[in-house]
Amino acid sequence: MSITIRKAEEADASFIAEALLESSRSGKKVGIFDYIFNTNDEKKLLEYLQKFTLTTTKSYCHFSNFMIALSDGVKAGTICGYEPRIATHDIFARALEEVGIDETYHERIAGYLLCEPEIDNKTWVCDFMMVKPEFKSLGILKEMVGKSMLTARLKGYRKVQTMIEIGSAETELIYKKLGFSVIDEKRSDYYEEQFGRAGLMRLQVIL
C-alpha cells in the first residue's frame with residue numbers, strides 16, 4: 001500500500017464535508033454541525049458543509065486547511081491543521097454568514113461553548129481527522145498527523161493540540177499512540193444533555 005499526502009483542493013470539498021460531519025458526530029447521532037445548521041438531515045448537512053469549506057472567508061473549516069491522504073491514488077483520509085491566531089471565532093462566524101447562518105447559532109451550541117478550551121496563539125491545532133473504514137490503519141493516521149506537524153514546525157510552532165470529546169476512547173487511543181497526551185478537560189451537564197458526552201478534553205504534543 002502506497003500512502004501519499006497532498007494539500008486539499010476545491011474538488012475535495014465533498015470529501016472534506018463528510019469528514020467534518022463524521023468527526024463532529026464522533027460515533028453519535030448528533031454533533032456540533034447539526035446544531036449550527038439547525039438540521040440533522042444528513043443530505044442537507046453535507047450540502048451546507050460542502051459550501052462552508054468553499055467560502056471566500058477562510059475559517060478553520062476551509063478546504064485550504066486540509067490535507068488529503070491517498071492510498072494507491074484513492075482518497076483514504078483527511079486532516080485539518082490550522083492557526084487559531086488566524087482562523088478565529090469571528091472568521092468562523094463570517095464564513096457561516098456566507099452560507100446563510102446568522103449569529104444566533106451561538107445559542108444552539110451553548111453546551112459546546114461551555115466546554116471549549118482557550119487555545120493560545122502559539123499553538124497549532126489538528127482537527128477533523130478521518131480515515132475511511134476500508135483504509136483504517138495507524139499508518140495512514142501517522143502519515144497525516146506527521147505531515148500536519150511538519151507544516152506546524154515549518155511555520156515556527158512548537159506545540160500541537162487537538163480536542164476530542166471525553167469518552168471518545170478510540171480517538172483518544174489513536175492520538176496517544178501518535179505521541180499526544182491529555183493536558184486538560186472541561187465537563188458540563190449541559191454539554192452531556194446536548195451531545196451525549198461528558199465534555200471535551202485537550203491533547204498536546206511538543207515538537
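Given the structure is predicted, the values throughout are model-derived calculations rather than measurements. Scope of the values below: all heavy atoms of this structure, side chains included, with no hydrogens, waters or symmetry mates.
- Scanning both residues, M67 and T151, for their nearest heavy atoms gives CE-OG1, 3.1 Å.
- Ion pairing of R187 with E185 is present here, as a side-chain N (NZ or NE/NH1/NH2) and a carboxylate O approach within less than 4.0 Å.
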Is there a salt bridge (charged side-chain N to carboxylate O under 4.0 Å, His left out) between K176 and E172 once you walk through the steps? CA-CA 6 Å; K176 284 182 174 178; E172 182 182 350; 2.9 Å; yes
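- How far CD1 of I32 is from CZ of R108: 11.0 Å, rounded to the nearest 0.5 Å.
- In this structure, M130 and S23 have side chains that are not in contact, with every pair of non-hydrogen atoms separated by 4.5 Å or more.
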Residues V160, L207; criterion side-chain contact (heavy atoms from CB on, under 4.5 Å); working and verdict: CA-CA 7 Å; V160 176; L207 301 178; 3.8 Å; yes
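- I119 is not connected to I166 by any chain of hydrophobic side-chain contacts under 4.5 Å among Ile, Leu, Val, Met, Phe, Trp and Tyr, and they are in different clusters.
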Under the criterion side-chain hydrogen bond (donor to acceptor under 3.5 Å, both in side chains), I'd like the reasoning laid out for T104 against D102: C-alpha separation, chi angles, the key distance, then a yes or no. CA-CA 6 Å; T104 57; D102 63 30; 2.3 Å; yes
Criterion salt bridge (charged side-chain N to carboxylate O under 4.0 Å, His left out) on E165 and K28, from CA distance to verdict: CA-CA 11 Å; E165 287 185 314; K28 312 182 311 299; 2.8 Å; yes
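- Side-chain contact, W124 with S148: a donor N or O sits under 3.5 Å from an acceptor N or O.
- Checked for salt-bridge contact, D12 and K7 miss the test: no charged N lies under 4.0 Å from a carboxylate O.
- Residues I164 and S26 form no side-chain contact, since every pair of their non-hydrogen atoms from C-beta on lies 4.5 Å or further apart.
- Minimum interatomic distance between G111 and Y191 (heavy atoms only, all atoms of both residues): O-CD1, 3.3 Å.
- In this structure, CD on E97 lies 7.5 Å from CD on E103, to the nearest 0.5 angstrom.
- Two residues are said to be in side-chain contact when any heavy atoms from C-beta on lie closer than 4.5 Å; R158 and K122 fail this criterion.
- One hydrophobic cluster, built from ILVMFWY side chains closer than 4.5 Å, holds both Y60 and I109.
- With salt bridges taken as basic N to acidic carboxylate O contacts below 4.0 Å, none links R94 and E98.
- A heavy-atom distance below 4.5 Å is not found between the side chains of F52 and H62.
- Listed by chain and number, the residues in a ring pair (Phe, Tyr, Trp, His ring centres under 6.0 Å) with Y35 are F195 (sequence neighbours excluded).
- Considering L173, V205, L138 in turn, L138 is the only one that fulfils the side chain to side chain contact (heavy atoms under 4.5 Å, CB included) rule with L178.
- Listed here is the closest heavy atom pair of G139 and I3: C-CD1, 4.1 Å.
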Check the pair Y82, C126 against side-chain contact (heavy atoms from CB on, under 4.5 Å), reporting the backbone distance first and the verdict last. CA-CA 7 Å; Y82 68 93; C126 285; over 6 Å; no
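- Clustering ILVMFWY residues whenever any of their side-chain heavy atoms sit less than 4.5 angstrom apart, transitively, puts V131 in a cluster other than the one holding L20.
- A 6.0 Å sphere centred on NZ of K44 holds no more than 12 heavy atoms belonging to other residues, nucleotides or ligands.
- In terms of heavy-atom proximity, P84 sits nearest to T123 at CD-O, 3.0 Å.
- One hydrophobic cluster, built from ILVMFWY side chains closer than 4.5 Å, holds both V30 and L21.
- Within the 4.5 Å cutoff, the side chain of V74 has heavy atoms near those of the F135 side chain.
- With no hydrogens or angles considered, no side-chain donor-acceptor pair links D41 and T39 at under 3.5 Å.
- In this structure, Q194 and Y112 approach most closely via the heavy-atom pair OE1-N, 4.0 Å.
- Within 6.0 Å of NE2 in H106 there are more than 12 heavy atoms belonging to other residues, nucleotides or ligands.
- Within 6.0 Å of the NZ atom in K186, the count of heavy atoms belonging to other residues, nucleotides or ligands exceeds 12.
- Across all non-hydrogen atoms, the minimal contact from T53 to A13 is OG1-CB, 3.4 Å.
- Look at R202 and E118 and you find no salt bridge, because none of the NZ, NE, NH1 or NH2 atoms lies under 4.0 Å from a carboxylate O.
- At least one side-chain heavy atom of I36 sits under 4.5 Å from a side-chain heavy atom of L96.
- Side-chain contact check for I79 versus F128: every heavy-atom pair is 4.5 Å or farther apart.
- Interatomic distance, I140 CD1 to S71 OG, rounded to the nearest 0.5 Å: 5.0 Å.
- Residue E143 holds its CD atom at 11.5 Å from CG of L70, rounded to the nearest 0.5 Å.
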Could you go through L113 and Y190, starting from their C-alpha distance and side-chain angles, then the distance that decides it, and tell me whether this counts as side-chain contact (heavy atoms from CB on, under 4.5 Å)? CA-CA 10 Å; L113 295 175; Y190 192 18; over 6 Å; no
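- A salt bridge links D34 with R25: the distance from a Lys NZ or Arg NE/NH1/NH2 to an Asp or Glu carboxylate oxygen falls below 4.0 Å.
- How far CD of Q161 is from CG of D127: 11.5 Å, rounded to the nearest 0.5 Å.
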Between E83 and Y157, does the side-chain contact (heavy atoms from CB on, under 4.5 Å) criterion hold? Intermediate values first, please. CA-CA 9 Å; E83 301 172 83; Y157 290 93; 2.7 Å; yes
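- Rounding to the nearest 0.5 Å places CG of L54 at 6.0 Å from CD of E10.
- Side-chain contact between I91 and K58 is absent, with no heavy-atom pair separated by less than 4.5 Å.
- None of F33, F37, Y105 except one satisfies the ring pair (Phe, Tyr, Trp, His ring centres under 6.0 Å) rule with Y48; the exception is F37.
- No path of Ile, Leu, Val, Met, Phe, Trp and Tyr side chains, each step under 4.5 Å between heavy atoms, connects M144 with F63, placing them in separate hydrophobic clusters.
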